Amino acid sequence: MNAPRYRAVAFRHPDFDVGGGPPGLQLGPDGRLAMVTDTAAVRQAVVLLLSTRPGERVNRPDYGCHLFRLAFAPADDTTAGLAIHYVARAIERWEDRIAVVSLDAAPSAEEPAVLEVSLRYRLRATHDEDEIVVAVPVETRGTP
């Protein structure tokens, strides 16, 4: 059995990990902090990167993604392009364990006031693929 490449404390994000218990740090059956490894550890790191606004981390003020600057921006191609740009730059700068397979942004089919940013990525070490979708609220007034 191989040792895990990546390991992190398990954290349930309130906006990305719906169901399965309360948000925050997770406890294992033994009462200790639960751990995630490999693909799950990298996914958790990407979710935390995309949901952190630059300036929120005291000792690393540049860490994060400017994606939420777009909250309540017009629901147009410019906003979608900026969303793609912000996510791509954050991944490029902070997460070298993954390669972006595809990155797209478009209004949600069910909710036009939501811009869905879809990131499909591959772990460089194992070639496992995963996808994360981030929902950003946008302004729909004035759009057809």
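In this text the structure is predicted, and so the values were computed from the model without any measurement. This chain uses plain numbering: 1 for the first residue, then up along the sequence. Note that these values count all heavy atoms, side chains included, but never hydrogens, waters or copies made by symmetry.
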Neighbour count >12 (heavy atoms, 6.0 Å) for atom [atom1], [X]:
{"X": "Asp77", "atom1": "CG", "result": "no"}
{"X": "Arg120", "atom1": "CZ", "result": "yes"}
{"X": "Arg60", "atom1": "CZ", "result": "no"}

Heavy-atom closest pair, residues [X] and [Y]:
{"X": "Arg43", "Y": "Glu131", "value": "NH1-O, 2.9 Å"}
{"X": "Ala99", "Y": "Arg124", "value": "CB-NH1, 3.9 Å"}
{"X": "Gln26", "Y": "Pro23", "value": "NE2-C, 4.1 Å"}
{"X": "Arg93", "Y": "Asp62", "value": "NH1-CB, 3.6 Å"}
{"X": "Ala83", "Y": "Leu115", "value": "CB-CD2, 3.9 Å"}
{"X": "Pro112", "Y": "Ala75", "value": "O-CB, 4.4 Å"}

Check your understanding: Which distance, rounded to the nearest 0.5 Å, do you find between the SG of Cys65 and the CG of Leu48?
Key -> 12.5 Å
Point to revise | Pair Arg5-Asp38, salt bridge (Lys or Arg N to Asp or Glu O under 4.0 Å): steps then yes or no | key: CA-CA 6 Å; Arg5 283 185 196 273; Asp38 295 330; 5.8 Å; no
Student check: side-chain heavy atoms of [X] and [Y] closer than 4.5 Å:
{"X": "Thr52", "Y": "Arg57", "answer": "yes"}
{"X": "Val87", "Y": "Leu103", "answer": "yes"}
{"X": "Glu95", "Y": "Val46", "answer": "yes"}
{"X": "Val136", "Y": "Val114", "answer": "no"}
{"X": "Val133", "Y": "Val117", "answer": "no"}

Under a 3.5 Å distance rule, please check whether [X] uses its side chain to pair with a backbone N or O of [Y] as donor and acceptor.
{"X": "Gln44", "Y": "Phe11", "value": "yes"}
{"X": "Thr79", "Y": "Pro74", "value": "yes"}
{"X": "Glu111", "Y": "Pro107", "value": "no"}

Review point. Looking at residues at least two apart in the chain, or sitting in another chain, which of them share a side chain to side chain contact (heavy atoms under 4.5 Å, CB included) with Thr39?
Key: Leu123, Asp128
**Study point:** side chain to side chain contact (heavy atoms under 4.5 Å, CB included) between Leu119 and Ile91, intermediate numbers included
**Key:** CA-CA 10 Å; Leu119 168 67; Ile91 296 295; 4.1 Å; yes
Review point. Is there a side chain to side chain contact (heavy atoms under 4.5 Å, CB included) between Ile132 and Val134 once you walk through the steps?
Key: CA-CA 7 Å; Ile132 295 173; Val134 181; 4.2 Å; yes
Practice item. Using the rule that two of Ile, Leu, Val, Met, Phe, Trp, Tyr join whenever any of their side-chain heavy atoms come within less than 4.5 Å, decide whether Leu49 and Val101 are in one cluster. Key: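 In one cluster with Leu49: Val101, no.
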Practice item. Group every Ile, Leu, Val, Met, Phe, Trp and Tyr by side-chain heavy-atom contacts under 4.5 Å, then state whether Phe72 and Leu82 land in the same group. Key: no
Practice item. Among residues two or more places apart or on two chains, list those pairs meeting ring pair (Phe, Tyr, Trp, His ring centres under 6.0 Å) that have a residue in residues 75-120. Key: Tyr63-Trp94, His66-Tyr86
Point to revise | Stepwise side chain to side chain contact (heavy atoms under 4.5 Å, CB included) check, Glu129 with Tyr121 | key: CA-CA 6 Å; Glu129 287 193 13; Tyr121 63 90; over 6 Å; no
